Amino acid sequence: MSDPATPSDGETEGQGDSVERHASWLELFFDLVVVVAVAQLAHLLAGHGGAHATVHDMIEFVVLYLAIWLLWLSFTLYANVAGEATRYQSMIVGMAGIAVMAAAIPEATGERGRVFALAYILTRVASTRSWGRTGKVLLTWTAAQRSAGLVPWIVSLWVEQPAQFRLWIAGVVIDLWFSVASGRDPDRAAQRYTDVARRHEQRAWRRGRLPEVGRFRLTFVEPDRPHLGERLGLFVIIVLGEAVAQIVSIAAGTDWTWQLVGAGTAGFLLVIGMWGLSFEYGFGSRSALPTALLLPAHFAAIASITSVAAGIGMAVTHPTEHLPAVSRAVLCGGVSVFLFAVALFRAPRRGLPIQLALVALPAVPAALGWALSAGALPWLLVPVIGGQLAYFRWALPADSAA
């Protein structure tokens, strides 16, 4: 018996000719669970760590945030590609999984570690199955539908901390690595997908599970960029809202002093500046950044805004005290990472030294914070955000942010 004919090569399905889509009510409902998760993550630094956040708090914050963001992104890209065929059951399952993880965050590296890991595994499997029903392959972010990093998470169910947490780190790093690598060379990734699918089809034909072979065809798709940009922007709005909530919540339960009012005002100005940068030059603009780089930049932006929110919370809570070095890094380092992430979207060709100086400038108040009150730190960061806005307006053409 001769070998069967090989299947046809995959097709690439573009979305450039489709009518511009907007976030559905289902997607907006899905994002509600993100509000809770972001609040828990901010509490990890501002509440759990208090005014004495540790290096471990920061590492835990980044890893847990990455895990939740990867799940959110998988379902977001699924809805982006599936469009009207998006299954309500799939999105609700994703919400439930992220909600369980959010509830486990305070003790994720303690007694609820296995709950957090199991919720991640089951939700990730549900996402992969949802993608399988679409019959489409997204090459620009393979972690959305194929989780190479899931194995360390599964192994972590049988180990104790801190080895369990280290396996989680390995899992999220593997997913990020393969997604960015495949997104930078989609043609090579498409060939790998086609070769694997061809082997599976031929194996099924030989076992008599298929009547014939050779009719197989993969459909490769690109995300709808305007719709994806809107979804990413909505996440940014959520984390900016968390920063405002930090200020309002603390002010509502604390005696109002001039120091508290001053720190709260500076924090609010920081939020306004980050909003302006995000939507005038970041996620509200049309960036030519490839999807494989756009998505990691999005994570850097939202994680840094959440970090700044936690830092503002610590500054408003203890406006007359001196924040420890790690707590200052939460606030000042968050501003630096945010400026760098936004710069990736609209990196101007001129004035690079100015850009680098602005990104590095928050290190000054972070280093000198031992001599400054917590309430003064946000005021030193407000001109940095304002300087970034002024720099973009000088360095970019007037219509580049449209």
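Because the structure is a prediction, the values reported are computed rather than measured.
With rounding to the nearest 0.5 angstrom, the CD1 atom of I250 is 8.0 Å from the CG atom of L260. To the nearest 0.5 Å, atoms CG (L77) and OG1 (T291) are separated by 8.5 Å. Here the CG atom belonging to L269 is positioned 11.0 Å from the CD1 atom belonging to I385, to the nearest 0.5 angstrom. Rounding to the nearest 0.5 Å places CD1 of I105 at 3.5 Å from CD1 of I68. In this structure, NE2 on H43 lies 14.5 Å from OG1 on T306, to the nearest 0.5 angstrom. Taken from CG in L358 to OH in Y391, the straight-line distance is 8.0 Å, to the nearest 0.5 Å.
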E242/Q246 under side chain to side chain donor-acceptor pair (under 3.5 Å): CA gap, chis, key distance, verdict: CA-CA 6 Å; E242 174 58 28; Q246 286 277 346; 3.2 Å; yes
Are L228 and L232 close enough, and set up right, to give a side-chain contact (heavy atoms from CB on, under 4.5 Å), and what steps lead you there? CA-CA 6 Å; L228 179 59; L232 298 179; 4.1 Å; yes
Taking it one step at a time, do V180 and W141 satisfy side-chain contact (heavy atoms from CB on, under 4.5 Å)? CA-CA 7 Å; V180 173; W141 193 259; 4.1 Å; yes
Criterion side-chain contact (heavy atoms from CB on, under 4.5 Å) on V55 and I59, from CA distance to verdict: CA-CA 6 Å; V55 174; I59 297 173; 4.0 Å; yes
Apply side chain to side chain donor-acceptor pair (under 3.5 Å) to residues S90 and R129 and explain how you reach the verdict. CA-CA 9 Å; S90 299; R129 293 186 64 182; over 6 Å; no
Test log, rule side-chain contact (heavy atoms from CB on, under 4.5 Å), inputs R225 and L294: CA-CA 10 Å; R225 283 295 290 259; L294 172 73; 3.6 Å; yes
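Between F338 and A301, the shortest heavy-atom distance links the atoms CD1-O, 4.2 Å. G334 and V308 get closest at one heavy-atom pair: C-CG2, 3.6 Å. For the pair S373 and P319, the tightest heavy-atom approach, listed with the atom from each and the gap, is CB-O, 3.4 Å. The minimum heavy-atom distance linking L64 with L41 is given by the pair CB-CD2, 4.0 Å. Considering all non-hydrogen atoms of both residues, W158 and R114 come closest at C-NH2, 4.2 Å. The minimum heavy-atom distance between M101 and A67, with the atom names listed, is CE-CB, 4.1 Å.
In terms of modelled atom types and a separation under 3.5 Å, the side chain of T123 and the main chain of G94 share no donor-acceptor contact. Distance alone, capped at 3.5 Å, is enough to place a donor-acceptor pair between the T317 side chain and the G313 backbone. A side-chain donor-acceptor contact under 3.5 Å links R112 to the backbone of A103. Looking only at distances, no side-chain donor or acceptor of S304 sits under 3.5 Å from a matching main-chain atom of V335. For the pair S156 (side chain) and W153 (backbone), a donor-acceptor distance under 3.5 Å is present. At least one donor-acceptor pair closer than 3.5 Å links the side chain of W256 to the backbone N or O of A251. Between the side chain of S74 and the backbone N or O of L70, at least one donor-acceptor pair lies under 3.5 Å. A donor-acceptor pair is defined here as one N or O able to donate and one able to accept, closer than 3.5 Å; such a pair exists between the side chain of E230 and the backbone of A23. Put simply, the side chain of D175 gets close to the backbone of G149: a donor and an acceptor are under 3.5 Å apart. With W72 contributing its side chain and I98 its backbone, the two residues share no donor-acceptor pair below 3.5 Å.
Contact annotation: the side chain of P106 approaches that of Q40 to within less than 4.5 Å [non-hydrogen atoms, C-beta and beyond]. Contact annotation: the side chain of Q388 approaches that of L277 to within less than 4.5 Å [non-hydrogen atoms, C-beta and beyond]. Within the 4.5 Å cutoff, the side chain of L380 has heavy atoms near those of the L372 side chain. Under the 4.5 Å side-chain criterion, counting only non-hydrogen atoms from C-beta, D31 is in contact with R231. A heavy-atom distance below 4.5 Å is found between the side chains of I312 and V271. With a 4.5 Å cut-off on side-chain heavy atoms, I302 and V236 count as touching. At least one side-chain heavy atom of L176 sits under 4.5 Å from a side-chain heavy atom of L66. Using a 4.5 Å heavy-atom cutoff, the side chains of L150 and I121 are in contact.
Between Y78 and F75, the ring planes are perpendicular. Angles over 60° get that label, and only those under 30° would be called parallel. Taking the six-membered ring where tryptophan is involved, the planes of F299 and Y65 are perpendicular, since the angle between them exceeds 60° and thus also 30°. Under the 30°/60° scheme for interplanar angles, the aromatic rings of F279 and W275 are found to be tilted.
Within 6.0 Å of CD on Q89 lie more than 12 heavy atoms contributed by other residues, nucleotides or ligands.
Outside the 6.0 Å centre-distance limit, the rings of Y120 and W168 are not counted as a close aromatic pair.
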